[in-house]
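Keep in mind that what you see is a predicted model, and the values were worked out from it rather than measured. Hydrogens, waters and symmetry mates play no part in the numbers below; they use all other heavy atoms, side chains included.
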Amino acid sequence: MMLDLNSFGKFETAWCPGCGDFGILEALKDALVKLNLEPHKIVLVSGIGQAAKLPHYLYANVFNGLHGRAIPAATGIKMANNKLAVLVTSGDGDIYGEGGNHLIHAIRRNINITVIVHNNQVYALTKGQASPTSDLGYVTKVQPQGVIDEPIHPLTMSIALGAGFVARGFAGDKEHLSLMIQEGVKHRGLAVIDVLQWCVTFNKKNNFAWYKKRIYKLGPEYDSSDKTKALEKSLEWGDRIPLGIIYKNGRPSFEEAYGLPKDKALVNEEIEPGKVSLALKEFL
Amino acid sequence: MDITLKIAGEAGQGLQTMGQLLAKAFSRGGWHVFANQVLQSRIRGGHNWFQIRIADSPVLAHSDATDILIALDDESVYHTRELNESSIIIFDSSLITYNPERGLILDIPFEKTAKENGGNKLMGNAVALGAVLGILEYDINILFGLLRESFQDKNPEVVQANIQTAQAGYNLARLKIESKKFPRLNKTNGVPKMLMNGSETIALGALAAGCKFISAYPMSPSTGIMTYLASKAKEFNLIVEQAEDEIASINLALGASYAGVRAMTATSGGGFALMVEGLSLSGMTETPIVIVDAQRPGPATGLPTRTAQEDLEYVIYAGGGESPRAVVAPLTIEDAFYLTAKAFNLADKYQIPVIILSDQLLADSYVTVDSFDVESLKIERHILSDEELKNIKNYKRYQITDSGISPRALPGNPYGLVVADSDEHDEEGHITEDVDWTRPEMVKKRNRKTAGLLKEMSGPIRYGPPEAKNILVGWGSSYGALKEAVDILNSEKEKVSLAHFNQVWPLPKEYFDFLDTAEFVCVAENNFRGQFAHLIAGETGKVIQNRINKFNGLPFSAVEIVREYKKLKNSL
């Protein structure tokens, strides 16, 4: 079946007009078309937040679970059926805050899923509190003196943990973001894609123009296999912010390391309760 | 014939290995065995014990009396109160000081004997094991076989040295014991029996039910389930994932279940707390899951390696919002096998969480089992096939139905997308805030499942004279002690019967009809508040005042129940 953008439908959303989420949704659809992934072969997994509503706005299988718990649910889905393309799409509060522990261990586990983080540096659905990636000094109603906690550097953290694929995209550059998502899905193992996104309602500081002025794309001369350089590059944040595949390696995925059969999903494996009788003999 | 052996000593002295070898030596000889361990939460030191009750008919609980005590540390003096005049105490006077007031002393130099017979000082335990068998004139070849099996990975000399030292212990005991009063077990009691603990039978029940996935975080006393399943993962094509925490455990399992495999997780009270949001996610997304709560005394960390029945009301009511669930509480280690298989069928049929309330007593005790009727178990998935899906136009995962059960498809099928949401959702599964129709209809749909579920549950197991007007009520793993207490009381001309529940939620009212004709009712539970008595009152309006509650972390014994029962009865 030939896919096009219409294959994924058009839905009414609960997003603010002008939200960066629209760009991410369009880039995702474009990537899925180019990857030729039919809706029924995809599972979109999310947590809670405005970003986490994305799976409701295109045709696909959906598991919209709990706040912060998208990654473990996605991991379980992929373990049970490795034939499905499993993508997580959730916000910075969800993945880096509430679910931070899961991201850490998912990177260690390295299951073949793609984690797309809508990173707008703010908790928007709860009306504008600081997120783990909010800049120092960022003022909110809950942080009236400004943020004093050092922001998480999600890419640096991912690289340090040995992630196999670490990239950054921008919600305002659909073509590039689509490419990042395509590469992330093709990567065998966990892919972390941090997507810079403005918030029209609550983040007056890191707005579209703020990002537009700072972002630049990594060129072909950049070597994404050099871990030390990648760590350095991932910390570049200020006047210039790099976009692209920051780091990539070929470490074995969970599926490979665990020895899961490539051609057969766990859900299709035979169930052999009769074998229990043999196991029982060991108790004699 | 009914005797109890007890090995007492510090953690790290090999109590568990010795206990398991001894218990298995008797189960292989066809004897009925019940063995349980009382342990401190530490790796070395402290004072622990492993007690083995051996009988010629089934035994399901420990006894308060000790007939043979192997004392490995000074603190073993604690057990003097369990001894009688004919009890035998085996110890090495060069290692510990022990002057028991009662019983016969058998002073055996464990380490010295081991060294003199080609072993090293670590093999003193084999000397002790041999001595126990010597006292009972038991067939030591059974022990030799077990030693060969358990040390098969080591070199043959180690095996041989263990065998020689055990034989030396056996001979020494034969020389030194003159008492003819002690029962001799020099004959077998029929064909070998299986010896298994409750963690193993739950794991086996899961395998028999076709479980393909367990994710869990290690927590005593639940860890044995994951450990056993890990040993069978390759053979049964099973994924065993040690998660980063209990929150991940349950969400991993829910993901796997959504994708179509039977999935479970296991924990204890503290870990269950972390799973609670996931439990309500199961309720909201109607994703089947089996959760084992192997109870230990709380609150908070409590007593990690002891037993309790304190989580009953907690697991029934935990979770935000309202959605149905089922809770089962195995009576015995054997029952845990069948109830686990049932839990998976209930979870799939009603698309709900099913909780298995185990506890440390059930998880860590060993009992002999003749056989399991694996053939009788049916796996009922209630998942739409591609054929069925093909004929459904506009598949809706959360279609409103009379039973409350919606047709379940799996993601990946080419005929209908499967959309699940923890938000309130419409019939297709998409997020909605329609409070006029969708929300109330969805609440009713989910909760309608209880009506069907109530019909699936089984009433109490009744034991003892049916005409008895005195009734003892219990639930879960205390069955063995309560059943034996009923036997003792009836033998003393007190007509008592037992009503014991292994399916504790939801509870149909009619299960309690027996209360109407009873004259004296007493509820025995391993908790302080009398949680099952509360449930009975809540569901039936019948308040039972007579309670036996034990909450020090140790299981009931039959003698203890009898004593407390009499106290209550006499105070009337």
When the 4.5 angstrom heavy-atom criterion is applied to Ala253(B) and chain A, the contacting part is neither

Residues from residues 265-284 of chain A approaching chain B under 4.5 Å (heavy atoms): Leu266(A), Val267(A), Glu269(A), Glu270(A), Ile271(A), Glu272(A), Pro273(A), Lys275(A), Val276(A), Ser277(A), Ala279(A), Leu280(A), Glu282(A), Phe283(A), Leu284(A)

Spacing of His67(A) atom NE2 and Ser422(B) atom OG [to the nearest 0.5 Å]: 11.0 Å

Salt-bridge test for Arg108(A) and Glu244(B): reply yes if a basic N is under 4.0 Å from a carboxylate O, no otherwise. no

Check each atom of Phe254(A) against the heavy atoms of chain B and say whether the ones under 4.5 Å are side chain, backbone, both or neither. side chain

Go through the atoms of Leu238(B) and report whether side chain, backbone, both or neither lie under 4.5 Å from a heavy atom of chain A. backbone

Where does Lys193(B) contact chain A at under 4.5 Å (heavy atoms): side chain, backbone, both or neither? backbone

Option that, when pairs with chain B are counted at under 4.5 Å, heavy atom only, ranks first among Lys41(A), Lys53(A), Met79(A): Met79(A)

I need the Asn61(A) CG to Leu417(B) CG distance, nearest 0.5 Å. 5.0 Å

Heavy-atom distances under 4.5 Å only: say whether Ile48(A) touches chain B with side chain, backbone, both or neither. side chain

Classify the side-chain pair Asp421(B)/His56(A) by whether it contains a donor and acceptor separated by less than 3.5 Å. yes

From Leu252(B) CG over to His102(A) NE2, what is the distance, rounded to the nearest 0.5 angstrom? 8.5 Å

Is it the side chain or the backbone of Ala60(A) that comes within 4.5 Å of chain B heavy atoms, both, or neither? backbone

For Phe165(A), what residues pass the ring pair (Phe, Tyr, Trp, His ring centres under 6.0 Å) criterion, not counting sequence neighbours? His187(A)

Proximal component of Glu149(B), with respect to chain A [non-hydrogen, under 4.5 Å]: neither

Student check: side-chain heavy atoms of Phe63(A) and Val418(B) closer than 4.5 Å: no

Do Leu260(A) and Ile239(B) make a side-chain contact, defined as non-hydrogen atoms from C-beta onward lying under 4.5 Å apart? yes

So, the part of Ile104(A) with a heavy atom under 4.5 Å from chain B: the answer is neither

